[in-house]
Colleague: 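Below: one structure in structure tokens.
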Amino acid sequence: MEITRQQYEFALARIEELLPVVDDQSSLNDRNSVELALLSEVVIEYESSHFPIEKPTIAELIDLALDERKMTQKDLAKEIGVSPSRINDFITGRAEPSLKIAKRLCVSLGITASAMLGL
């Protein structure tokens, strides 16, 4: 089903009205809960076709994980047994890690293998 921008904007506005009314205690059969669920599907459908989110690159995954863990490139390099300049190469996109190093990055940074492989 093709959703127009006007329908999308209407759905967004109506969701804003329904959010204060519907909470975790609301019945799934409640009229407002059902409407909120349906409108949410409209928004998801429109946004997925007009504003697709690309999968993050290996560089972005590593950089984000370092930031979340408040680690430096030097800390990570020491932890996985490579030079700090090699970590910088991964983050700047000049190089991609080997499978062996990618596994160490996943374990050390809590990145899933599927995300690292871009799946």
Side-chain angles (χ1 to χ4, degrees):
M1 165 162 81
E2 183 70 27
I3 297 167
T4 67
R5 181 170 181 85
Q6 184 179 7
Q7 290 168 325
Y8 168 72
E9 289 174 356
F10 174 85
L12 284 177
R14 183 66 182 133
I15 286 171
E16 289 296 321
E17 294 170 1
L18 290 169
L19 283 174
V21 178
V22 177
D23 61 20
D24 292 339
Q25 307 306 318
S26 300
S27 166
L28 294 177
N29 296 326
D30 176 71
R31 181 178 176 189
N32 291 326
S33 295
V34 171
E35 183 181 3
L36 181 60
L38 292 172
L39 291 171
S40 295
E41 289 300 320
V42 168
V43 169
I44 290 168
E45 176 70 27
Y46 184 87
E47 289 181 351
S48 66
S49 65
H50 289 85
F51 310 113
I53 298 174
E54 295 182 24
K55 293 182 180 185
T57 64
I58 291 172
E60 292 167 335
L61 288 170
I62 295 169
D63 196 38
L64 180 61
L66 284 174
D67 189 48
E68 288 176 347
R69 287 173 172 64
K70 305 211 183 320
M71 289 177 73
T72 65
Q73 292 179 24
K74 187 175 178 179
D75 296 335
L76 178 60
K78 184 176 179 181
E79 191 168 314
I80 67 168
V82 299
S83 70
S85 64
R86 196 68 181 144
I87 298 297
N88 188 266
D89 288 343
F90 300 150
I91 291 173
T92 59
R94 285 191 298 265
E96 289 192 0
S98 66
L99 285 176
K100 183 178 177 182
I101 298 300
K103 179 180 177 185
R104 290 181 193 165
L105 287 166
C106 288
V107 170
S108 181
L109 297 173
I111 299 170
T112 64
S114 61
M116 183 66 75
L117 293 171
L119 302 175

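Please read all numbers here as calculations on a predicted model, not as lab measurements. Position 1 is the first residue of the sequence, and the numbers go up from there.
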Colleague: Enter the distance from Glu47:CD to Ile53:CD1 here, rounded to the nearest 0.5 Å.
Modeller: 8.0 Å
Colleague: What residues, two or more places apart in sequence or in another chain, satisfy side chain to side chain donor-acceptor pair (under 3.5 Å) together with Glu17?
Modeller: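 Listed in chain order: Arg14.
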Colleague: Which residues pass the side chain to side chain contact (heavy atoms under 4.5 Å, CB included) test with Ala37, not counting sequence neighbours?
Modeller: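 For Ala37, no residue satisfies side chain to side chain contact (heavy atoms under 4.5 Å, CB included) once neighbours in sequence are set aside.
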Colleague: Checking Ile80 against Leu109 for the side chain to side chain contact (heavy atoms under 4.5 Å, CB included) test, could you report, in this order, the C-alpha distance in whole Å, the side-chain angles of both residues, the deciding distance, and whether it holds?
Modeller: CA-CA 10 Å; Ile80 67 168; Leu109 297 173; over 6 Å; no
Colleague: Which heavy atom of Lys55 sits nearest a heavy atom of Gly118, and at what distance?
Modeller: CD-O, 3.6 Å
Colleague: Does any part of the side chain of Ile111, heavy atoms only, come nearer than 4.5 Å to the side chain of Leu64, both counted from C-beta?
Modeller: no
Colleague: Suppose we screen for side chain to side chain contact (heavy atoms under 4.5 Å, CB included). Which residues come up paired with Gln7, at least two apart in sequence or across chains?
Modeller: Ile3, Thr4
Colleague: Residues two or more places apart in sequence or in another chain: which of them pass side chain to side chain donor-acceptor pair (under 3.5 Å) with Thr72?
Modeller: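 With neighbours one apart ignored, the set is Asp75.
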Colleague: Looking at every non-hydrogen atom in both residues, tell me the closest pair between Pro97 and Ala102 and how far apart they are.
Modeller: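 Smallest heavy-atom distance, with atoms named: CB-N, 3.9 Å.
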Colleague: Look at the side-chain heavy atoms of Ile, Leu, Val, Met, Phe, Trp and Tyr, link any pair under 4.5 Å apart, and say whether Leu39 and Ile44 land in one connected group.
Modeller: no
Colleague: Could you tell me which residues satisfy side chain to side chain donor-acceptor pair (under 3.5 Å) with Arg31, sequence neighbours excluded, listed by chain and number?
Modeller: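 Arg31: no side chain to side chain donor-acceptor pair (under 3.5 Å) contacts found.
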Colleague: Donor-acceptor pairs are to be reported for all side-chain atoms of residues 18-25 against protein atoms at under 3.5 Å, with residues two or more places apart or in another chain.
Modeller:
unit_1, atom_1, unit_2, atom_2, d
Asp23, OD1, Gln25, N, 2.9
Asp23, OD1, Ser26, N, 3.2
Asp23, OD1, Ser26, OG, 3.3

Colleague: Considering only residues two or more places apart or on different chains, which pairs with a residue in residues 3-37 satisfy ring pair (Phe, Tyr, Trp, His ring centres under 6.0 Å)?
Modeller: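 For residues 3-37, and leaving out neighbouring residues, the ring pair (Phe, Tyr, Trp, His ring centres under 6.0 Å) pairs sorted by first residue read Tyr8-Tyr46.
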Colleague: Sequence neighbours excluded, which residues qualify as side chain to side chain contact (heavy atoms under 4.5 Å, CB included) partners of Ser48?
Modeller: none
Colleague: If we only count heavy atoms from C-beta on, is the Arg5 to Glu9 side-chain gap below 4.5 Å?
Modeller: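 Counting from C-beta outward, Arg5 and Glu9 do come under 4.5 Å.
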Colleague: Between atom OG of Ser83 and atom NZ of Lys74, what is the distance when rounded to the nearest 0.5 Å?
Modeller: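 Nearest 0.5 Å value for the OG-NZ distance: 12.0 Å.
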Colleague: In Å, rounded to the nearest 0.5 Å, how long is the span from NZ of Lys78 to CD1 of Ile87?
Modeller: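 Between atom NZ of Lys78 and atom CD1 of Ile87 there are 14.0 Å.
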Colleague: Give the minimum heavy-atom separation between Gly110 and Arg69, together with the two atoms involved.
Modeller: CA-NH2, 3.4 Å
Colleague: Which pairs with one or both residues in residues 96-110 pass side chain to side chain donor-acceptor pair (under 3.5 Å), sequence neighbours excluded?
Modeller: Glu79-Ser108
Colleague: Other hydrophobic cluster members with Val107, side-chain heavy atoms of Ile/Leu/Val/Met/Phe/Trp/Tyr under 4.5 Å, chained?
Modeller: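 Once heavy-atom contacts under 4.5 Å are chained together, Val107 still belongs with nothing else.
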Colleague: Is any side-chain heavy atom of Ser33 closer than 4.5 Å to a side-chain heavy atom of Leu28?
Modeller: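 Result no, sub-4.5 Å side-chain heavy-atom pair not found.
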Colleague: CG of Leu105 to CG of Leu66: how many Å apart, nearest 0.5 Å?
Modeller: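 That separation rounds to 9.0 Å.
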Colleague: Rounded to the nearest 0.5 Å, what's the gap from CD on Gln73 to CD1 on Ile62? Could you check?
Modeller: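 It is 9.5 Å, given to the nearest 0.5 Å.
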Colleague: Just to verify, what does Ala13 make a side chain to side chain contact (heavy atoms under 4.5 Å, CB included) with, not counting sequence neighbours?
Modeller: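 Result, side chain to side chain contact (heavy atoms under 4.5 Å, CB included) vs Ala13: none returned.
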Colleague: Applying side chain to side chain donor-acceptor pair (under 3.5 Å), can you list everything that pairs with Asn29, at least two apart in sequence or on another chain?
Modeller: none
Colleague: Using every non-hydrogen atom in the two residues, find where Ala59 and Gly93 come nearest and quote the distance to one decimal.
Modeller: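 Of all heavy-atom pairs spanning Ala59 and Gly93, the closest is CB-N, 4.3 Å.
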Colleague: Enter the distance from Cys106:SG to Ile101:CD1 here, rounded to the nearest 0.5 Å.
Modeller: 11.5 Å
Colleague: Side-chain contact test, heavy atoms from C-beta onward, threshold under 4.5 Å: evaluate it for Arg94 versus Asn88 and give yes or no.
Modeller: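 Arg94 vs Asn88: side chains touch.
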